[in-house]
Protein chains: 2
Amino acid sequence: MLTKLDPALIRDLPPFSGMTLDQMTTLLAKATPLRADKGSHIFDMGAEARSFFLLLDGYIRVVRTTPNGEQVIARYIASGELFGIAEALGMKQYPASAVAAVDCVALSWPSDIWHATAAAYPAFATNTYKTIGGRLQDAQDRLVEMATERVEQRVASAILNLVERSGRQTDDGILIDFPISRQDISEMTGTTLHTVSRLMSGWENDGLVKSGRQKITVIGSEALSLIANKEGSSQ
Amino acid sequence: MLTKLDPALIRDLPPFSGMTLDQMTTLLAKATPLRADKGSHIFDMGAEARSFFLLLDGYIRVVRTTPNGEQVIARYIASGELFGIAEALGMKQYPASAVAAVDCVALSWPSDIWHATAAAYPAFATNTYKTIGGRLQDAQDRLVEMATERVEQRVASAILNLVERSGRQTDDGILIDFPISRQDISEMTGTTLHTVSRLMSGWENDGLVKSGRQKITVIGSEALSLIANKEGSSQ
DNA sequence: CGAAGCCTTGATGCGCCTCAACGTACGTGG
DNA sequence: CCACGTACGTTGAGGCGCATCAAGGCTTCG
């Protein structure tokens, strides 16, 4: 667990690639460290976007809530990623909530300094916009998926995605590195926890995954990949 | 129809707000005009992103095609909007295709000059990033919609959206200003042309819309809005 | 005038949600 | 440390929303 800010450690993170150690030190001097207990909200959808953040340790769930109280998980943030960067896109409010999926450590900067910072460190600005580009593309990929693929494929894709981004090798296979429930998966894929449970039970029987309470280990990622890409029985 | 570039006319467009006439003139000097016939592709998904564009007249459909050949319409671009701005997000290739929905006139700039341009005209950069922010938010809104709402609601929302952004008042009601088919609507909402046709036939009977071949006129936008927001029979 | 594209409408079936009930692991407080 | 409450997971039965399959009418354009 991190107690002090060491520029030399943090500078290697992707958001800062291309910056000098001096620049990093100056930038870090303006940051405020932050701890977030599992389950706590770092910010809420609709709140004024006062800060942007860098996750140093943990995982964060980015969630949108509908007027009816339903939730949709927009994405997971892993350590080393920026989040809450509404200001970079000229937004006054956060478009979603950020919830700590486990105990987290992060840095925060006041949104005010975004423009000056981006101007002073073009590499940082470029990296940030690349991140945003990736997320826009990701959102549109998922839109296409939602529009054209069946639940089984979407759930398989979602799990593969999580494994790819946050997988940890274990004796059994590749484990998703944070607690994740059937309900979470259903909120990522636009289905119900029941359907997810049924699908995963099936896959467990087939030996593709091994899963327990808020825990998913993937054994046959190739087979899952086949499921993610297979067409319906017709056509 | 536009034959010459008049900085005074173009400078009032949102992408350039905050720029001086001098700056505009310099920027326009680097632009290449472009005409695109209805149905033609201005660029294709996956192609190298050599240029970014400003639509001066017409409407453009931004389309993603899946490996199976299915299409999903990501959005429509109206005149005055930028498109193809992959470079601003550090992308080497266009993430979708741009197809002229009607005969179009546009300007194009080489992607190379993006960074220098953004640095030279911060207002232009800020405006562009605001646009991108809006599109990211829009994509995520649609994701939530796809995940939580039924087809009827999504189709109603899509039509209301089109009306809001591209509606033209007529004797009958508000007409969507470009040719749009049942299939197009289905590709925006993740359903089939059959379902869209059935829904719109129903709404036509109820006097909410009036529609013909590639033509939609909305009469009762409030009633449509009710449909877009109404919950299922349960709950 | 024929062909191609767009729209409509019916019949049928299935994917997945909904409703329901129960089993099981966790953690919290007495 | 055990007992209880709560959150998570499983599995069945039933039904509905919407895709799919099918056929035909209408408009536009070459």
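Naming: A, B, ... by sequence-line order, numbering from 1 per chain. In this text, all values refer to a predicted model and were calculated from it rather than measured experimentally.
Note that the CG atom of Leu89(A) and the CG atom of Leu136(A) stand 9.5 Å from one another [nearest 0.5 Å].
To the nearest angstrom, C1' of dT10(D) lies 16 Å from CH2 of Trp203(A). Between the C1' atom of dA19(D) and the CD atom of Glu152(A) lies a distance of 17 Å, rounded to the nearest Å. Distance Glu187(A) CD to dG9(D) P: 12 Å, rounded to the nearest Å. Rounded to an integer number of Å, the gap from NZ of Lys215(A) to P of dA25(C) is 12 Å. Distance, Leu193(A) CG to dC17(C) C1': 11 Å, rounded to whole Å. Spacing between atom NZ of Lys230(A) and atom P of dG15(C) amounts to 11 Å, rounded to whole angstrom units. When rounded to the nearest whole Å, the span between CG of Asn205(B) and P of dT8(C) equals 11 Å. Rounding to whole angstrom units, CD1 of residue Ile216(A) and C1' of dC8(D) are separated by 13 Å.
Remark: the backbone N or O of Asp37(B) is not paired with any side-chain donor or acceptor of Asp103(B) at under 3.5 angstrom. Between the side chain of Arg165(A) and the main chain of Tyr76(A), a donor-acceptor pair closer than 3.5 Å is present. Without hydrogens or angle criteria, Thr189(A) side chain to Val155(A) main chain gives no donor-acceptor distance under 3.5 Å. A distance-only check finds a donor-acceptor pair linking the side chain of Gln153(B) to the backbone of Lys230(B) [under 3.5 Å].
Considering only side-chain atoms of Val151(B), the nucleotide from dT11(D), dC18(D), dT20(D) that sits closest is dC18(D). With distances taken from any side-chain atom of Ser201(B) to the nucleotides dC17(C), dG5(C), dT8(C), the minimum falls on dT8(C). For Arg150(B), taking side-chain heavy atoms from C-beta onward, the closest of the listed nucleotides dT10(D), dG9(D), dG17(D) is dG17(D). The listed nucleotides are dC18(D), dC26(C), dC7(C); the one nearest the side chain of Thr195(B) is dC18(D). Between dA25(C), dT10(D), dG5(C), one nucleotide has an atom nearer to the side chain of Ser197(A) than all others, and that is dT10(D). Ranking dC16(C), dT18(C), dC8(D) by closeness to the Thr192(A) side chain, first place goes to dT18(C).
Considering only side-chain N and O atoms, Thr191(B) lies nowhere under 4.0 angstrom from the phosphate OP1 or OP2 of dC18(D). Put simply, Arg213(A) has no side-chain N or O that comes within less than 4.0 Å of OP1 or OP2 on dC26(C).
For the pair Leu56(B) and Leu107(B), the minimum side-chain heavy-atom distance is below 4.5 Å. Taking the side chain as every heavy atom from C-beta outward, Arg61(A) and Asp184(A) approach each other to under 4.5 Å. A 4.5 Å side-chain heavy-atom check between Phe83(B) and Val62(B) finds every atom pair outside the cut-off.
Nucleic acid contact for Gly190(A): sugar-phosphate only, since backbone atoms but no base atoms lie under 4.0 Å from a heavy atom of the residue.
For His194(B) and dT20(D), a side-chain-to-base donor-acceptor distance below 3.5 Å is absent, hydrogens and geometry of angles not being considered. Residue Arg198(A) places no side-chain atom within donor-acceptor reach of the base of dG9(D), judged by atom type and a 3.5 Å distance cut-off alone.
Where the helix from dC1(C)-dG30(D) to dG30(C)-dC1(D) starts and where it ends, the local axes point in directions that differ by 40°; five pairs per end, rounded to 10°.
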